[in-house]
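Down below is the structure, laid out as structure tokens.
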Amino acid sequence: MSIISERTQAPSLAVESFAGTLDVLSRILPARLLKPRVAIVCGSGLSTLASSLRDVVEVPYSSLQGFGKSTVEGHRSALAFGLTGEGDGIPVVAMLGRFHPYEGHSLSTVVYPIRVLARLGVRDIIITNAAGSLNPNLDVGTIVSIQDHLALPNLTGFHPLLGPTRPNYPRFLPLSTAYSRPLRRLVFLAAHALRLPRDALAEGTYAWVSGPSYETPAEGRFLSAAGADVVGMSTVPEVLAAREEGINVCVLSLVTNKVVIPEYKSVREEVQAELAGKAIERAPEAEVSHEEVLSVGKQKAEVMKSLVAKLIELIAAEQEK
Ligand SMILES: O=P(O)(O)O[C@@H]1C[C@H](O)[C@@H](CO)O1
């Protein structure tokens, strides 16, 4: 299906059967969980972010009209509703897995859960992802608070907000303040409260690529030269839908690998040296894998979890002001 036909079909309008989804949730959930104040989207290998919630009710995506199925390892197909924090607790909802366009999901399916969260009353969302580092200063294991994005698919016509003008939605969504500065401030305050080392948390720009291949070295150089610090295959469509719905957005990327950007060593010179009987210094070759991505997610699960839990506490305190 061409990009044009997908967008003009406007499947977003076809799947927006919110009433059915909300009806199922209102029948399953106790009243104290039905109005989550904060939402979390769990990235690859990060579904344990929801394990700090208590009184959890999990709702499988298969029971929710309009939801797809997460088919990528490290993603679960369920919403988890629960409480965090002291006392009565703060109601939170977590997407334990997300949908990526490369799985074959339409962009409208990818963002549908975000629109449902908005209708449940979510005002602030913490979107997480696993990402590759394009910036030599960002090592594996660093958490990056995203301040901006670079989305080549959006700039070239693959955009989740394409479609007919709808009442009560902005036709032209501004994105200069898409990544909430107040929430980004709270991220650093949360890290401070947890006494995380200074280099555990950085700020940067996320490049969205469609995947599912990882970047070639030339693509890595290109994205880096264009100003991106990390690269991944998700998040941006969710950010756009959340902003369109009026939700404040915070994005945390976990650096799971370095994007391989080797210095090219001439094979011709290598062969010439070999033929001349000279010692050869071979350039090391490296490849990234999803297993590596998941393994770093596992190693960093605890720190991500405590950062997100503290951030939710701070967000809830701000909401009460
Ligand atoms: O869902 P996220 O963005 O966390 O997952 C990343 C991007 C690809 O889906 C996958 C590649 O390893 O991890």
Side-chain angles (χ1 to χ4, degrees), residues 39-50 61 67-80 94-107 109-114 117 125-134 138 140-146 148-154 158 160 179 204-216 219-220 223 228-242 249-260 286-301 303-305 307-308:
I40 311 169
V41 180
C42 302
S44 279
L46 297 172
S47 50
T48 51
L49 286 180
Y61 292 165
F67 276 63
K69 182 175 176 354
S70 303
T71 61
V72 180
E73 202 188 334
H75 289 261
R76 295 187 45 212
S77 288
L79 289 178
M95 281 180 68
L96 301 181
R98 61 154 56 94
F99 313 127
H100 307 84
Y102 67 72
E103 296 172 78
H105 297 298
S106 68
L107 281 170
T109 299
V110 169
V111 303
Y112 181 74
I114 304 294
L117 299 179
I125 191 165
I126 304 166
I127 300 177
T128 67
N129 61 57
S133 167
L134 299 158
L138 296 179
V140 170
T142 309
I143 299 169
V144 185
S145 168
I146 298 302
D148 200 354
H149 75 226
L150 171 68
L152 294 179
N154 287 351
F158 190 60
Y179 297 85
T205 294
Y206 179 92
W208 176 42
V209 293
S210 75
S213 49
Y214 293 110
E215 295 65 44
T216 65
E219 288 163 351
L223 294 171
D229 299 292
V230 291
V231 54
M233 306 176 195
S234 68
T235 299
V236 166
E238 297 154 9
V239 169
L240 297 182
V249 169
C250 166
V251 172
L252 299 175
S253 293
L254 173 64
V255 174
T256 52
N257 58 283
K258 292 263 192 184
V259 173
V260 180
E287 282 186 339
V288 58
S289 71
H290 191 55
E291 288 67 41
E292 179 186 351
V293 167
L294 293 179
S295 137
V296 174
K298 219 179 215 171
Q299 287 162 36
K300 289 287 163 182
V303 64
M304 279 291 275
K305 195 166 88 179
L307 183 63
V308 167

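For ligands, and for the atoms within them, numbers begin at 1 and follow the listed sequence.
- Nearest protein heavy-atom contact of atom 5 (O) of ligand 1 is Ser44 OG, 2.7 Å.
- For ligand 1, the atoms lying closer than 4.0 Å to a non-hydrogen atom of Gly43 are 4 (O).
- Interface atoms of ligand 1 facing Asn129, defined by a heavy-atom separation under 4.0 Å, are 3 (O), 4 (O).
- Donor-acceptor pairing under 3.5 Å is recorded for the side chains of Ser234 and Arg98.
- Applying the 6.0 Å contact sphere to CD of Glu292 captures more than 12 heavy atoms from other residues, nucleotides or ligands.
- Aromatic ring orientation, Phe67 versus Tyr112: perpendicular (interplanar angle above 60°, classes split at 30° and 60°).
- Of the polar atoms of His100, at least one N or O is found under 3.5 Å from an N or O of ligand 1, judged by distance alone.
- Taking each of Tyr214, Phe99, Trp208, Tyr102 in turn, the one with a heavy atom nearest to atom 11 (C) of ligand 1 proves to be Tyr214.
- For ligand 1, the polar-atom distance check against Tyr206 finds no nitrogen or oxygen pair separated by under 3.5 Å.
- Atom numbering of ligand 1 starts at 1 in the shown order; those under 4.0 Å from a heavy atom of His75 are 1 (O).
- Those atoms of ligand 1 with a heavy atom of Arg98 less than 4.0 angstrom away are 1 (O), 2 (P), 3 (O), 4 (O).
- Summarising the geometry, atom CG belonging to Asp229 is positioned 11.0 Å from atom OG1 belonging to Thr142; distances are rounded to the nearest 0.5 Å.
- Side-chain contact between Leu240 and Val111 is absent, with no heavy-atom pair separated by less than 4.5 Å.
- Distance check: His75 NE2 to Cys42 SG gives 9.0 Å after rounding to the nearest 0.5 Å.
- Contact annotation for Val293 and ligand 1: only side-chain heavy atoms (C-beta onward) come within less than 4.0 Å of the ligand.
- The aromatic rings of His105 and Phe99 lie tilted to each other, with the angle between the two planes from 30° to 60°.
- In terms of polar-atom proximity, defined here as any N/O pair under 3.5 Å, Ala130 does make such a contact with ligand 1.
- Any N or O atom pair closer than 3.5 Å counts here, and Ser234 shares at least one such pair with ligand 1.
- For the residue pair Val231 and Val259, the shortest heavy atom distance occurs at CG1-CG2, 3.5 Å.
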